[in-house]
Amino acid sequence: MTGKASGFRKRPSGAESKRKAVEKERREQDVLQKTRKLDLFFSSNKRAKADDSEAISSRHNENYVISGDCDDEADDNGSGGGCCGGGIGDGNDGIGDGNDGIGDSFVCTDSAADRPQEAQCPEVVPSLSISEGGDVAAVMSAPAPYRIADSSSASFTQCERPSDDPFFWKVNEETVNFFLKNDFNQNIDGDFLKSARTYTDGDRVRKRYCNLEFFKRKLQNGISISRANLVYSPSQGSIYCAPCMLFNRGATKFSSETGFSDWAHARDRIADHENSSSHRDCLIKFRDCKNEIGRIDHELRVQITKEQEYWKNVLRRVVSVIKKLASRGLAFRGTDETFGSVSNGNFMMCLELISEYDPFLADHIARHGSTGRGNVSYLSSTIYEELIELMGKSVLEHVVKLVKIAKYYAVIVDSTRDLNKKDQLTLLVRYVNTTGIPEERFLTFIENCGHTGEEMAESVLKYLAFVDLSIEDCRGQSYDNAANMSGKFKGLQARLKAANSVITYVPCALHSMNLSGSSAAESCKMTVVYFDFLQSVYNFISSSTHRWAIFLSFCEEEKDSRTLKTLSSTRFNAREKACEALNSSAKSLAKTLQCLADDESLKEVDRIKARAFLRQLRSFDIIFMSIVWKAIFLRFGKILHDIQSKQMHVSRALSLYDSLVGFLEELKTSFPTYFETAKEKHRELRSFKNDDTGDESGEADERPKRHRRRKRFFDDSEDEEEQEVQADEEINGELANQSFNIILQTLIDDVRERAAAYREFALKFSFLTELPSLESAQISEATAQLIQAYKEDLESSLFEECLHLKSYLNQLAASTTSNSEALGLTDLSLSKLYQFLIEKNLQDVYPNVSIALHIYLTVPVTNCSAERSFSAMGRVHNYLRTSQQQERLVNVAIMSMESDITMQLDFEDIIEKFARAKARKKNF
């Protein structure tokens, strides 16, 4: 066993290992003592010594340091010292650590005059750059002695901002870079008392001072130019040449430590200095460096600028595609992200389309389009998703900015359920722009905020605070008539009024009209049967392609352009379209039903339904209701369409309500006309074959006439025609009282009741449209009520402004009639009055009147814009895009709804925001 162990390497003992370690450490210390501590040292060409050595050491991070022997004591201590440093590192421009992006920092101590001669450093090159060929080039050389801090520290301390006094300048790289970016302060705004110099002229002693004329040069042709390079030193009372101080210090009197102060010969000496070659060289060097021509990093900056411009051109095209797709609510991504694939989505398809006519993009796609993950191309879904987020936020910021400019705003809120079964609360704002036109803008969707008034109010207030919109500037709110929103005690409108008492609640005028129409449509049995027939016959015809094809063929034969329409539980105007379609295609429908009833190849149940619908269609009740509702919808539908306008205001909506009431009142007297029209149309439909009797006269489908038999007396007339007339009158009276009058009166009463909510608010401001005809007492009373309602907004001088405005309007009206018509003063409304003040620039003349009109137009009348946001959400959040997050949904929705703002935004600004927000950049 011992013999085998002897063949192996003997392991040293612990004492021997310690001895060898100590010996190894001693040898390493000897080597370190003999090795120079400086990586690189250069002396200037004028003061270079033969024994100075040069060395270049490369760090692992490709930084280069230039240094020299400045202090023997520092070498003995093993710390090392550097007179200057430079390199390529991480800076604001991607190069270096300083303000200019080049080189490291210096720690400058006292000036050369305040330290002993042996401690001064030799002349050095402040900064170097390594070019592609490996040459070392100095950007500038300056005789600037420094005392350098310990170079072993991890970072250098920046010098302080250079003083405006050139005497205190510590010329180093930071100082030079500072004045390359900033102009010199000549210090000539104050006095020149410190510049006093004594001269002896024989027995006389005279004092001379610096003069402003020294800082200007008058050419031979009389033109005077400024000597911007001369700087006055308030502490020394001397003048210095700034470029010579920075690049050739001490060479002339103008760059010396004390400066120039020979005022007796100042003009000649300054002219001689300007014409010297050394001054011109320094001035050219300064201008070249200022223009980044000849600077150490010029070539590198040119390369970086070229690369940045290349990627900006790529981003410009990407942003343009995103704006087009988002503004139309289209999808971006496909099933893959490969160029050339037919399933790569709309985004890549648009890029491929542009590349067919854009060589730049085509070349970029060829080189970077399919490089895969980890390579910069700016064409991936990751990039455009981040751009969508930034662009959506930019649109939101722009909307908020517009609201803040307008100051006053109103909120519009509504909610619905999306395809993910989540409740989405939409929030919009209404404001008046600088031209006096009301605008409504989308802000956000808030998911699952709750259904109670308290929960919705909390969500709305929290979001308004998030976007920095003060609830104190809110003046209006509009919702539908749901109890959780419009409730007077616990609804959303009550909660917001508790936060700001001047917020006026106005129920949605369109929703109120729909409720009024629905109430009238359910007011009597005949109208209920009529609308049920419309939906039932539509379902029967449209549920079969065969039946629908037969119906279309008869429509073409009769040249009917309208087909049957379905009803809607939420949109009352769907009833209008269904009624209009039935009136237009009644003959085609009758022929279709007759054809289906006679077709023995169909199932018996379908034939029975066809005969039943045909019997209903030919009945007098259906025909009469169709004619009556067509007349009602003729005016009702137009009002529904006009109210949906974003520029609608309360007085305009109220006038539409009143006009509808007047129309319905007149309609009540037109019953005989509609009755006769129904009889004529009934006779036309009776011309078709009757399935029950086989009689083509169709008498079985005619509305039965009621013949009352009464006891006849000896003197009664036996005229049969007279009895028929009496019977028709009885039928007319029964039909009018049981259906026609009930429908109209229900609609009139409901519209009047709902109009009262708008009348109360409109009366506060309506006196402004009647100013020319009101007395002073009436104006005083009206203005007092308005000021009481808006104490924080209106001043007591509103009365005087109204009096003067009344006089001004009367003068305009009295001047010429054509002038009044051109200004819109003949039919004055509140919106026209406000636009008139803006066009005539009279807002500062009548500030309180303008504020009152501004508040009035800010209050919304409908929440139709909220319904439009749900339509936009349906396009953006369809069944193929239900997996997207809430934030992306909001960003795409706001770009789609506010497409005008999206297209107007500066995409250069968006690109800059993207560059600042994204850490991933192209490595240059």
Side-chain angles (χ1 to χ4, degrees), residues 517-544 547-548 550-552 554-555 558 560 562-597 602 605-634 636-637 674-675 677-692 698 700-704 734-735 738-740 742-744 746-747:
S518 299
S519 177
E522 300 172 357
S523 59
C524 64
K525 178 181 177 180
M526 189 177 295
T527 187
V528 171
V529 172
Y530 170 70
F531 285 112
D532 181 70
F533 169 76
L534 290 180
Q535 186 63 44
S536 299
V537 73
Y538 170 82
N539 293 339
F540 176 72
I541 299 296
S542 63
S543 61
S544 170
R547 294 192 287 267
W548 190 261
I550 294 174
F551 173 66
L552 291 180
F554 282 116
C555 287
E558 296 292 334
D560 295 332
R562 290 184 175 88
T563 59
L564 297 178
K565 306 296 181 182
T566 184
L567 303 182
S568 174
S569 58
T570 57
R571 292 182 296 113
F572 187 74
N573 60 344
R575 297 176 185 265
E576 175 191 0
K577 295 180 179 179
C579 178
E580 186 178 359
L582 181 63
N583 279 280
S584 175
S585 59
K587 291 183 179 181
S588 301
L589 180 60
K591 291 182 179 181
T592 302
L593 294 173
Q594 184 70 61
C595 179
L596 294 174
L602 297 178
V605 63
D606 293 336
R607 297 179 64 189
I608 292 174
K609 288 182 179 180
R611 284 194 292 268
F613 285 131
L614 179 59
R615 188 180 300 109
Q616 274 189 295
L617 177 63
R618 295 163 62 178
S619 66
F620 187 83
D621 292 350
I622 295 297
I623 296 174
F624 179 74
M625 283 289 100
S626 179
I627 294 175
V628 170
W629 276 106
K630 179 182 178 181
I632 294 175
F633 285 134
L634 184 65
F636 199 90
Y674 297 130
F675 184 80
T677 305
K679 288 176 64 176
E680 293 178 3
K681 192 168 185 179
H682 178 253
R683 294 190 188 97
E684 293 179 6
L685 293 178
R686 285 167 55 190
S687 62
F688 301 108
K689 180 181 177 180
N690 185 278
D691 296 292
D692 295 335
D701 293 329
E702 187 177 2
R703 180 178 176 85
E734 180 182 354
L735 191 62
Q738 293 182 1
S739 60
F740 184 77
I742 293 177
I743 295 172
L744 295 181
T746 302
L747 194 56

| Should we say atom NZ of Lys630 is surrounded by more than 12 heavy atoms from elsewhere, each under 6.0 Å from it? |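 No - once you tally the heavy atoms of other residues, nucleotides and ligands closer than 6.0 Å, there are 12 at most.
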| Minimum heavy-atom distance between Thr527 and Trp629, given as atom pair plus value |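 Closest heavy-atom pair between Thr527 and Trp629: OG1-NE1, 2.9 Å.
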| field | Heavy-atom pair of closest approach, residues Ser585 and Leu564 | value |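 For Ser585 versus Leu564, the nearest heavy atoms are OG-CD2, 4.2 Å.
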| Angle class for the Tyr674/Phe740 ring planes (parallel below 30°, perpendicular above 60°, tilted otherwise)? | tilted
| task | Please work out whether the ring planes of Phe613 and Phe540 are parallel, tilted or perpendicular, with thresholds of 30° and 60°. | result | tilted
| request: List for me each residue that meets side-chain hydrogen bond (donor to acceptor under 3.5 Å, both in side chains) alongside Arg571, sequence neighbours excluded, and say none if there are none. | output: none
| Can you list the residues that meet the side-chain hydrogen bond (donor to acceptor under 3.5 Å, both in side chains) rule with Thr592, with sequence neighbours excluded? | none
[atom1]/[X] to [atom2]/[Y] distance, rounded to the nearest 0.5 angstrom?
X      : Y      : atom1 : atom2 : result
Lys591 : Leu596 : NZ    : CG    : 14.0 Å
Arg575 : Ser568 : CZ    : OG    : 9.0 Å
Lys565 : Leu582 : NZ    : CG    : 13.0 Å

| query | Which residues satisfy the ring-ring contact (aromatic ring centres under 6.0 Å, His included) test with Phe572, sequence neighbours excluded? | reply | Phe633, Phe636
| message | One thing to verify: whether Glu580 and Arg562 come together as a salt bridge, which I'm taking to mean a side-chain N less than 4.0 angstrom from a carboxylate O. | response | yes
| request: Taking His682 for its side chain and Ile623 for its backbone only, find out whether a donor-acceptor pair lies under 3.5 Å. | output: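 Not at all, since once roles are kept as given, no pair shorter than 3.5 Å links the two residues.
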